[in-house]
Amino acid sequence: MIDVRLLRTDPDGVRLALARRGQPELLVQLDKAAHLDARLREITAERDEHRRQVNDLSKAVGLARKAGDAQAAEAAMVTSRELGESERSLAAESDELQSALHDVLLRITNMPHPDAPDGAGEQDNPVVKGPINMPASFPEHQRVPHWETATALGILDNERGTKISGAMFTLQRGLGATMARALCQLALDRNADAFEEIRPPTLVSTATLTATGHLPKFADDAFAIERDGLWAIPTAEVPLTSLYAGEILDETALPAQVMAHTSCFRREAGSAGRDTRGMLRTHEFDKVEILAIAHPDQAAAMLDELVARCEGTIAVLGLPYRIIEICTGDLGQSHHRSFDIEVYAPGCDRWLEVSSVSWFSDYQARRADIRFRRTGQKGTEIAHTLNGSALAVPRVWAAIIENYRQADGSVVVPEALRPYMRGATVIPAT
RNA sequence: GGAACGAUGGCAGAGUGGCCAAAUGCAUCCGCCUUGAAAGCGGAAGCCUCGCAAGGGGCCGGGGGUUCAAAUCCCUCUCGUUCCGCCA
């Protein structure tokens with residue numbers, strides 16, 4: 001959520017920042033929020049004044065009773081009762097305004113970082129680094145899509161995955177399954193120096209899914225377990241962000257750095273029929289997420305660190321990659337600034353988004369109510385959150401199959417994964 | 001799933017209708033004392049919100065109700081503990 005107080009004190013600044021996203025509807029909502037807020041404050045002040053009078057009168061009743069003045073007590077009670085009526089109706093109005101304002105605010109996007117590049121959409125995202133590890137040309141035997149190679153090698157069995165769960169569910173087997181797990185193990189090990197490993201729940205409450213910004217707007221994208229009021233997480237960002245929800249952290253505890261390997265579940269409601277082959281878009285996949293809850297002053301440097309860490313893992317796997325920055329028109333709802341790492345897959349002849357690293361400023365932390373206290377100072381401030389995919393299995397897995405394919409159809413296991421592959425150095429052609 | 005009991009400040013723990021933002025202890029911070037520290041003594045200190053300020057309002061797990069007045073009474077939900085049941 002954006003800060004209502006900022007909307008109050010610097011409406012033009014907020015307006016200008018949000019305008020960069022190029023969504024006129026946003027500005028309409030912003031005006032709506034400003035109006036609701038102004039009205040809310042009026043009503044609340046009035047209600048508080050009524051309450052003050054009721055409080056005073058109630059005290060007077062008690063004192064009069066004690067003094068044995070039944071008449072004065074009765075008189076105060078009568079006045080107070082009348083005031084109580086109007087107080088109740090003001091309170092009802094105030095509650096309504098409050099929830100209306102909250103609903104509007106929950107749907108207003110975060111403000112882009114001043115340095116985020118302007119742009120209308122995906123096509124305007126600038127490449128900020130790379131391509132790296134990109135050969136001048138790819139031999140013919142690498143121009144085979146991973147689903148063909150992997151199915152032939154017996155390490156991908158989507159026919160059976162689909163039989164079990166339906167379209168867009170995949171099934172890896174043998175060395176394919178081992179490699180999926182090896183990728184996660186690699187990512188965890190590479191970040192264990194600075195990130196505490198967490199094994200969070202993957203089914204979460206509505207409040208938890210709201211904190212990251214996935215609800216209420218994107219309910220259709222999440223799997224819901226309606227009977228129990230739970231949601232399947234689309235990313236470990238969701239439970240990890242809420243790890244300290246509702247808590248006030250000591251400044252010295254920041255940055256809090258955590259990571260988790262979890263399954264991620266996505267309905268992909270808007271993309272039915274797209275990327276249905278292979279591993280490019282699936283309802284369930286494994287991912288290692290790294291996340292930081294940071295002091296605002298630490299956030300910019302933390303963003304760089306997260307990008308470097310995510311990049312490092314892709315680099316050590318020897319894959320061709322580049323880094324793009326997300327422009328204002330393509331920035332997700334909660335995002336303040338984002339970078340994507342893309343890997344080139346020669347078989348599909350596509351750049352695949354394999355990692356997204358983002359800074360959310362205080363947007364998520366305000367929803368989750370994660371605060372910190374400066375040492376020796378009174379009061380609290382909202383923390384900042386940042387996170388990145390240290391490794392998302394399917395597309396990296398796919399890119400390895402395509403980039404490491406040999407002329408005989410086998411796939412060489414990247415050096416970095418071998419310690420986790422029970423000695424396998426190659427996935428042999430049968 | 002059934003039953004009982006519970007949820008109060010950083011922690012522990014009083015408080016059963018008004019004088020309660022809330023005793024007390026521990027922890028914290030600031031003084032004094034001390035070469036320094038401990039002990040001792042004195043003092044400070046919750047969070048949110050409106051306001052330039054003075055000051056006001058709210059918060060005792062969440063929500064609702066009774067009352068002039070609710071931490072305190074009633075309803076409800078959530079969570080916790082214990083016992084039973086089930087179970088990897």
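Per chain, numbering begins at 1; letters A, B, ... match sequence-line order.
- When both pairing distances are held under 3.5 Å, B:U24 makes a Watson-Crick or G-U pair with B:A12.
- The nucleotide B:C79 finds its pairing partner in B:G6, both defining distances of the Watson-Crick or G-U wobble pair being shorter than 3.5 Å.
- Across all strands shown, A:Arg5 has heavy atoms under 4.0 Å from sugar-phosphate atoms exclusively, and none from any base.
- B:U34 is unpaired under the Watson-Crick or G-U wobble criterion, no partner having all donor-acceptor distances under 3.5 Å.
- For B:G65 and B:A70, the P atoms lie 12 Å apart once the distance is rounded to whole Å.
- Nucleotides B:C84 and B:U72 place their P atoms 34 Å apart, quoted to the nearest Å.
- Residue contacts for A:Thr380: at a heavy-atom cut-off of 4.0 Å it reaches the sugar-phosphate backbone alone, with no base atom in range.
- Spacing between B:G31 and B:A38 at atom P, rounded to whole Å, works out to 13 Å.
- Between A:Arg15 and A:Asp31 there is a salt bridge, since a side-chain N of the basic residue sits under 4.0 Å from a carboxylate O of the acidic one.
- Under the 3.5 Å distance criterion, the side-chain polar atoms of A:Arg39 are left unmatched by any main-chain donor or acceptor of A:Ala34.
- A distance-only check finds a donor-acceptor pair linking the side chain of A:Arg266 to the backbone of A:Pro234 [under 3.5 Å].
- Nucleotide B:G17: unpaired (no Watson-Crick or G-U wobble partner with both distances less than 3.5 Å).
- Taking atom P in both B:A21 and B:A45, one finds a spacing of 16 Å when rounded to whole Å.
- Nucleotides of RNA chain B that come within less than 4.0 Å of any heavy atom of chain A span, from the 5' end to the 3' end, B:G18 to B:A69.
- Pair assignment for B:U67: none, as no Watson-Crick or G-U wobble contacts are both less than 3.5 Å.
- Relative ring orientation between A:His283 and A:Phe223 is described as perpendicular, the plane-to-plane angle rising above 60° on a 0-90° scale split at 30° and 60°.
- Side-chain atoms of A:Arg173 and A:Arg160, non-hydrogen and from C-beta on, do get closer than 4.5 Å to each other.
- Ring geometry for A:Trp359 versus A:His113: interplanar angle of 30 to 60°, hence tilted.
- Nucleic acid contact class of A:Ser80 (heavy atoms, under 4.0 Å, all strands): sugar-phosphate only.
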Taking it one step at a time, do A:His335 and A:Phe360 satisfy ring pair (Phe, Tyr, Trp, His ring centres under 6.0 Å)? CA-CA 5 Å; A:His335 300 185; A:Phe360 301 86; 4.9 Å; yes

Does A:Arg373 form a side-chain hydrogen bond (donor to acceptor under 3.5 Å, both in side chains) with A:Thr380? I'd like the steps, not just the answer. CA-CA 5 Å; A:Arg373 196 193 312 276; A:Thr380 56; over 6 Å; no

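- Comparing the C1' positions of B:G85 and B:G1 gives a spacing of 7 Å, expressed to the nearest Å.
- B:G43 and B:C26: their P atoms are spaced 15 Å apart (whole Å).
- Toward the 5' end of RNA chain B, the nearer of the two residues A:Arg81 and A:Glu381, judged by each one's closest nucleotide, is A:Glu381.
- Rounded to whole Å, the C1' atom of B:U8 lies 12 Å from the corresponding atom of B:C20.
- Taking the P atoms as reference points, B:A69 lies 12 Å from B:G58, given to the whole Å.
- Nearer to the 5' terminus of RNA chain B, by closest-nucleotide assignment, is the contact made by A:Arg373 (compared with the other of A:Arg373 and A:Asp95).
- In a base pair of the Watson-Crick type (N1 to N3 plus N6-O4 or O6-N4) or a G-U wobble (N1-O2 and O6-N3), with each distance short of 3.5 Å, B:C60 is matched with no nucleotide.
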